[in-house]
Amino acid sequence: MRLLVITARYPIAEQPAAGVFVRRRLADDRLRSTVIAPSTLRSGWPRRYAGLLWRGLVARGRFDGVEGHFVLPSGVMALIVARVRRLPLVVVAHGSDVGVIARRHRLLGWLARRVLRGADLVIANSEHTRAQIRAMGVEAVIIPPGIELGQFAVLPRPRGRRVVYLGGADPAKGFTVARELADTLLGPGLRVVEPAEVPGILAAHDILLMPSHAEAFGLAAAEAIAAGRWVVASNVGGLREVVTDGVNGTLVSDGDYAAAIARVPDYDPLAVAATAARFAVEDQQHAMAAAWSSVLEARRR
């Protein structure tokens, strides 16, 4: 299967971790993909997304379909390209596109609904995201993003309690809380972390802190669990679907993250990591392949 993939985020030198979940999804031997993504973030957004549209329209070769990642803004370009090239469209919603951007202005909400209704199939990364899509009058199929479980060796916990935060300086990720409680602060605006560094960083700590105000899925939480590390996270959004309270982490509803950290049990890293099998990227790839097969079969009828 050959796909033309249009995405607003994909790993580049400026942001090596941006859209890494898209790259993992496409690392499938059954696919030959041409990826249309921003090559730099230095240009303004009109030029950036006009470039995506143009490159999608002139991309050479035969394609079986268009896969758009993020309903907004790149989903608009994916819809136009699919229509012009007369190809089926599968759109993957990652959360903030339908939960935040689509709510900023009436026009953005209209564009989001147009993309969702114009797609042959809509994929949501969590039940939380699917509920937001359903509120726009469209049903979606849930296929969570995957992680490469083999990259995460389950090592003994460090002797002293060490808390790591990977959300960057974004207030919505709970940076103000993390600044007071975490031993290590990483992420955009602090220190950009290469994806290859994440397993070692997690192994050097015994708690991942995620005091996010909202989270559509919580990829960092899934990675911490795969590394056998306890997650202390907000009881919001998709984090409820990733973290099982009392089993591989603590879901905080009262805002008292300090108390939650103090109550972290003497957990077994192997027992925590055993709950991560459902996050395998191979499962995501198989599910996406099945979804595309159903779309193409429907088109042939």
**Student:** Would you check if the side chain of Thr7 reaches a backbone N or O of Tyr10 as a donor-acceptor pair within less than 3.5 Å?
**Tutor:**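 No.
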**Student:** Taking all non-hydrogen atoms of both residues into account, name the closest pair between Leu72 and Ala102 and its distance.
**Tutor:**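 Taking every non-hydrogen atom into account, CD1-CA, 3.8 Å.
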**Student:** Give, for atom CD1 of Ile143 and atom CG of Leu121, the distance between the pair rounded to the nearest 0.5 Å.
**Tutor:** 7.0 Å
**Student:** Would a single hydrophobic cluster contain both Ile123 and Val76, if residues Ile, Leu, Val, Met, Phe, Trp and Tyr are joined by side-chain heavy-atom contacts under 4.5 Å?
**Tutor:** no
**Student:** Quick one, Asp245 with Thr250, criterion side-chain contact (heavy atoms from CB on, under 4.5 Å). Give me CA distance, side-chain angles, the key distance, then yes/no.
**Tutor:** CA-CA 5 Å; Asp245 193 49; Thr250 304; 4.0 Å; yes
**Student:** Is there a side-chain contact between Pro144 and Phe217 (heavy atoms, below 4.5 Å)?
**Tutor:** yes
**Student:** Taking atom CZ of Arg86 as the centre, report whether more than 12 heavy atoms of other residues, nucleotides or ligands fall under 6.0 Å from it.
**Tutor:** no
**Student:** Answer whether the closest heavy-atom distance between the side chains of Gln285 and Leu26 falls below 4.5 Å.
**Tutor:** no
**Student:** Please report the shortest heavy-atom distance between Leu239 and Ala221, naming the atom on each side.
**Tutor:**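 Closest heavy-atom pair between Leu239 and Ala221: CD2-CB, 4.1 Å.
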**Student:** Please say yes or no: joined through hydrophobic side-chain contacts below 4.5 Å, possibly via intermediate residues, are Val5 and Leu57 part of one cluster?
**Tutor:** no
**Student:** Is there a continuous path of hydrophobic side-chain contacts, each under 4.5 Å between heavy atoms, that joins Leu116 to Val100?
**Tutor:** no
**Student:** Should Arg161 and Asp206 count as an ion pair when the cut-off is N to O under 4.0 Å?
**Tutor:** yes
**Student:** Has the side chain of Asn248 got a donor or acceptor atom that lies under 3.5 Å from a matching backbone atom of Val243?
**Tutor:** no
**Student:** Should Pro211 and Leu209 count as side-chain neighbours, where that means a heavy-atom distance under 4.5 Å?
**Tutor:**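 Side chain of Pro211 against side chain of Leu209, heavy atoms only: contact under 4.5 Å found.
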**Student:** Determine yes or no for a side-chain-to-main-chain donor-acceptor pair under 3.5 angstrom, with Asp97 supplying the side chain and Val71 the backbone.
**Tutor:** yes
**Student:** Could you walk me through whether Val92 and Phe70 pass the side-chain contact (heavy atoms from CB on, under 4.5 Å) test, one step at a time?
**Tutor:** CA-CA 6 Å; Val92 184; Phe70 300 94; over 6 Å; no
**Student:** Is there a chain of hydrophobic side chains (I, L, V, M, F, W, Y, each step under 4.5 Å between heavy atoms) that links Leu108 to Ile133?
**Tutor:** yes
**Student:** Search all heavy atoms of Gly68 against all heavy atoms of Leu89 and return the closest pair with its distance.
**Tutor:**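 Closest approach of Gly68 to Leu89, heavy atoms only: N-CD1, 4.2 Å.
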**Student:** If you round to the nearest 0.5 Å, how far is CZ of Arg229 from CG of Leu208?
**Tutor:** 11.0 Å
**Student:** Less than 4.5 Å apart, any side-chain heavy atom of Asp64 and any of Leu87?
**Tutor:**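 They are not in contact (no side-chain heavy atoms under 4.5 Å apart), so the answer is no.
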**Student:** What verdict does the salt bridge (Lys or Arg N to Asp or Glu O under 4.0 Å) test give for Asp283 and Arg278, after you've listed the backbone C-alpha separation in whole Å, the side-chain angles of each residue and the deciding distance to 0.1 Å?
**Tutor:** CA-CA 8 Å; Asp283 290 348; Arg278 60 197 173 101; over 6 Å; no
**Student:** Can the positive tip of Arg179 be found less than 6.0 Å from the middle of the six-membered ring of Tyr165, inside 45° of the ring normal?
**Tutor:** no
**Student:** Evaluate salt bridge (Lys or Arg N to Asp or Glu O under 4.0 Å) for Arg9 paired with Glu14, printing each intermediate quantity in order.
**Tutor:** CA-CA 11 Å; Arg9 299 180 68 192; Glu14 296 166 55; over 6 Å; no
**Student:** Drop me the distance from Ile225's CD1 to Leu149's CG, to the nearest 0.5 angstrom.
**Tutor:**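 Here the interatomic distance stands at 11.0 Å.
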**Student:** To the nearest 0.5 Å, what is the distance between CH2 on Trp292 and CG on Asp120?
**Tutor:**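 These two atoms lie 7.0 Å from each other.
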**Student:** In this structure, is the centre-to-centre distance between the rings of Phe21 and His94 below 6.0 Å?
**Tutor:**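 Ring centroids of His94 and Phe21 are less than 6.0 Å from each other.
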**Student:** The test is side-chain contact (heavy atoms from CB on, under 4.5 Å); show your working for Val236 and His213 and say whether it passes.
**Tutor:** CA-CA 7 Å; Val236 297; His213 298 174; over 6 Å; no
**Student:** Can you tell me how far apart NE2 (His69) and CD1 (Ile36) are? Round to the nearest 0.5 Å.
**Tutor:** 13.0 Å
**Student:** Between Ser234 and Glu215, is any side-chain donor less than 3.5 angstrom from a side-chain acceptor?
**Tutor:** no
**Student:** Any donor-acceptor pair under 3.5 Å linking the side chain of Arg48 with the backbone of Ser39?
**Tutor:** no
**Student:** Measuring only between side-chain heavy atoms, which start at C-beta, is Glu139 closer than 4.5 Å to Val122?
**Tutor:**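 Not touching, per the 4.5 Å side-chain cut-off.
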**Student:** Could you check Val81 against Leu79 for side-chain contact (heavy atoms from CB on, under 4.5 Å), going step by step and ending with a plain yes or no?
**Tutor:** CA-CA 5 Å; Val81 170; Leu79 177 62; over 6 Å; no
**Student:** Taking Val84 as the starting point, is it possible to reach Val90 by hopping between hydrophobic residues whose side chains are less than 4.5 Å apart?
**Tutor:** no
**Student:** Side-chain contact test, heavy atoms from C-beta onward, threshold under 4.5 Å: evaluate it for Leu219 versus Ile147 and give yes or no.
**Tutor:**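 Yes, at least one pair of side-chain atoms sits under 4.5 Å.
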**Student:** Grab the two heavy atoms, one from Arg62 and one from Arg2, that are nearest each other, plus how far apart they are.
**Tutor:**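 Closest approach of Arg62 to Arg2: O-CD, 3.0 Å.
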**Student:** Is the closest basic N to carboxylate O distance between Arg24 and Glu223 below 4.0 Å?
**Tutor:**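 A salt bridge is present here (some side-chain N lies under 4.0 Å from a carboxylate O).
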**Student:** State, to 0.1 Å, how close Val91 and Ala119 come at their nearest heavy-atom pair, and which atoms those are.
**Tutor:**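 Closest heavy-atom pair between Val91 and Ala119: CG2-CB, 3.8 Å.
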**Student:** Answer whether the closest heavy-atom distance between the side chains of Ile142 and Asn125 falls below 4.5 Å.
**Tutor:**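 No. Closest side-chain heavy atoms not under 4.5 Å.
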**Student:** Just list the side-chain donor-acceptor pairs under 3.5 Å for residues 180-199, sequence neighbours left out, or say none.
**Tutor:**
unit_1: Asp183; atom_1: OD2; unit_2: Val163; atom_2: N; d: 2.7
unit_1: Thr184; atom_1: OG1; unit_2: Arg162; atom_2: NH2; d: 3.3
unit_1: Thr184; atom_1: OG1; unit_2: His205; atom_2: NE2; d: 2.7
unit_1: Arg191; atom_1: NH1; unit_2: Glu197; atom_2: OE1; d: 3.3
unit_1: Arg191; atom_1: NH2; unit_2: Glu197; atom_2: OE1; d: 3.4
unit_1: Glu197; atom_1: OE2; unit_2: Glu194; atom_2: N; d: 2.8

**Student:** Would you list the pairs meeting side-chain hydrogen bond (donor to acceptor under 3.5 Å, both in side chains) in which at least one residue belongs to residues 102-115, sequence neighbours left out?
**Tutor:** none
**Student:** Sub-3.5 Å donor-acceptor pair from the side chain of Glu241 to the main-chain atoms of His128, do we have one?
**Tutor:**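 Judged by distance alone, yes, a pair lies under 3.5 Å.
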**Student:** Look up atom CZ in Arg32 and atom CZ in Phe63, then write down how far apart they are to the nearest 0.5 Å.
**Tutor:** 9.5 Å
**Student:** Take Glu67 and Arg25, measure what salt bridge (Lys or Arg N to Asp or Glu O under 4.0 Å) needs, and give me the verdict at the end.
**Tutor:** CA-CA 11 Å; Glu67 185 170 298; Arg25 174 272 175 281; 2.7 Å; yes
**Student:** Looking at Met136 and Ala112, what are the two nearest heavy atoms and their distance?
**Tutor:**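 Closest approach of Met136 to Ala112: SD-CB, 4.2 Å.
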**Student:** Does any part of the side chain of Val232, heavy atoms only, come nearer than 4.5 Å to the side chain of Ile207, both counted from C-beta?
**Tutor:** yes
**Student:** Checking the side chain of Ser74 only, and the main-chain atoms of Ala8 only, is there a donor and an acceptor separated by less than 3.5 Å?
**Tutor:** yes
